[in-house]
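Working notes, beginning with the structure itself.
Chain letters run A, B, ... following the sequence lines, proteins first and then strands; every chain starts at 1. Note that this is a predicted model, so its numbers are computed, not measured.
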Number of protein chains: 2
Amino acid sequence: MTEPRWLDEDEKAAWIAFLSATNLVNRRLEQQLKDDAGLSHTQYEVLVQLNAAPDGSLRMTELADRLVTSKSGLTYQITQLERAGLVGRRSCPSDVRGVFAEITDEGRAVLRSAAPGHVEAVRQSLIDVLTPEQLTHIAAGLGEVSRRLRAEPRCPSQSTQTAPATQ
Amino acid sequence: MTEPRWLDEDEKAAWIAFLSATNLVNRRLEQQLKDDAGLSHTQYEVLVQLNAAPDGSLRMTELADRLVTSKSGLTYQITQLERAGLVGRRSCPSDVRGVFAEITDEGRAVLRSAAPGHVEAVRQSLIDVLTPEQLTHIAAGLGEVSRRLRAEPRCPSQSTQTAPATQ
DNA sequence: GTCATTTGGTTCAAATTGGAACGAAGCCAG
DNA sequence: CTGGCTTCGTTCCAATTTGAACCAAATGAC
């Protein structure tokens, strides 16, 4: 095998910044939400997704995909939230196996009260730190990163060429 | 309290991209390292830090700070790595309480063999997806984000004015 | 020197996470 | 219809993570 393409100075700087920024931001938000609303970031995101869904509910698998978490992890968190009365489970009429997670009124209320503090923390730790230019570049760059990683479940050799429907 | 400053469309796009990109990239690297080298990302980072340190060793607290992890979490991981023979513990001559984590020759060897695959994964999932322009903006923006979060252990009121030297 | 405070690291318990295994259903070719 | 394969969600288990409690030692004020 050939010598790997190591990262040059700029690339390394970007990677290190990415790594530490993500860890630090996550840690900060986790702490803020726990302190101010008694929610983990995962739980908060569950509420956000359900609240934004047309009828306040989503299938378990769909929700797990959106949160980028494992199915078993989601099962656990939904159980916790259910216990807390913030979401409920409904079965799916068209598929007996299916389960909808559905946000409750109390869930919406908790979300509503947690949101301002959360948004403020997001601003302080990330958004307001960036220049408008950096913001747009990050949105575009990381948006593309997300799109690719979501599309590519497993393709080691497929270079950066978009790849037409791997079959 | 006044109406919070909600995120506008661009800000929301950046935030969502940031959130999902970080989750997806983390998941991808975690999986690649586990599959190809039997290491967790945390463990890999421990080896990277120690390997780069002048004498192959760092104090526990210093290392925990660099990895953005808790002290107890680091204690656990160092124990694991020690068990695997990749690092060792040395006591600190100038401070009886202090402990140095030190990478072993085998640790360096494992790191050397894991690095190419890891770098390739970092390229595929992040670096090579970005344009050079996006790369520099991300390095600068997220670098600043890291710097601020590291500097500010707890200052709710300190508005975004603090740092004049944004560039 | 002496006491109070901080610091360094570990230990402990509780929460979370992810993968593998599972049972129940859907789906489809033949 | 029927066997074979995939999908859905849960359960189970092992690994990891974190904060709190702790002990010992360093530091600082007097």
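- Side-chain nitrogen and oxygen atoms of Arg27(A) include at least one within less than 4.0 Å of the OP1 or OP2 phosphate oxygen of dT18(D).
- Arg97(A) has its CZ atom 6 Å from the P atom of dC8(D), to the nearest Å.
- In this structure, Gln31(A) atom CD and dT17(D) atom P are separated by 18 Å, rounded to whole Å.
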Item to complete: Check step by step if side chain to side chain contact (heavy atoms under 4.5 Å, CB included) holds for Asn26(B) and Val68(A).
Response: CA-CA 10 Å; Asn26(B) 279 338; Val68(A) 191; over 6 Å; no
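- A heavy-atom distance below 4.0 Å to DNA chain D is reached by these residues of residues 73-85 of chain A, ordered by number: Thr75(A).
- A straight line from NZ of Lys34(B) to C1' of dT16(D) spans 10 Å, rounded to a whole angstrom.
- Here Ser40(A) lies out of heavy-atom contact (under 4.0 Å) with every strand.
- Ion pairing between Arg123(A) and Glu11(B) holds under the 4.0 Å rule for side-chain N and carboxylate O.
- Closest non-hydrogen pair, Gln77(B) versus Ser40(B), comes out as NE2-OG, 4.3 Å.
- Surrounding CG of Asp8(A) are more than 12 heavy atoms belonging to other residues, nucleotides or ligands, all under 6.0 Å away.
- The separation between His41(B) atom NE2 and dT17(D) atom P is 12 Å, rounded to whole Å.
- Listed by residue number, the members of residues 54-71 of chain A with any heavy atom below 4.0 angstrom from DNA chain C are Thr69(A), Ser70(A).
- Contacts between residues 15-25 of chain A and DNA chain C, defined by a heavy-atom separation below 4.0 Å, involve no residue at all.
- Connection of Leu111(A) to Leu29(A) is not established within any shared hydrophobic cluster, with ILVMFWY side chains joined at heavy-atom distances below 4.5 Å, either directly or through further cluster members.
- Distance, Asp95(B) CG to dT7(C) P: 12 Å, rounded to whole Å.
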Discussion item. Evaluate Thr22(A) against Thr22(B) for side-chain hydrogen bond (donor to acceptor under 3.5 Å, both in side chains), listing each step before the verdict.
Written reply: CA-CA 7 Å; Thr22(A) 58; Thr22(B) 57; over 6 Å; no
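- For CG of Asp55(B), the number of neighbouring non-hydrogen atoms (other residues, nucleotides, ligands) closer than 6.0 Å is greater than 12.
- Val119(A) and Leu33(A) end up in different hydrophobic clusters when Ile, Leu, Val, Met, Phe, Trp and Tyr side chains are linked at under 4.5 Å.
- Screening Arg90(A), Glu102(A), Arg89(A), Glu62(A) against Ser57(A) for a side-chain hydrogen bond (donor to acceptor under 3.5 Å, both in side chains) leaves a single residue, Arg90(A).
- The phosphate of dA21(C) (OP1 or OP2) has no side-chain N or O of Ser72(A) nearer than 4.0 angstrom.
- One interatomic measurement links the two molecules: CZ of Arg89(B) to C1' of dT11(C), which rounds to 12 Å at whole-angstrom precision.
- Under the 4.5 Å side-chain heavy-atom criterion for Ile, Leu, Val, Met, Phe, Trp and Tyr, Tyr76(B) and Leu67(B) are members of distinct hydrophobic clusters.
- Across Leu130(A) and Leu142(B), no two heavy atoms sit closer than the pair CD2-N, 4.4 Å.
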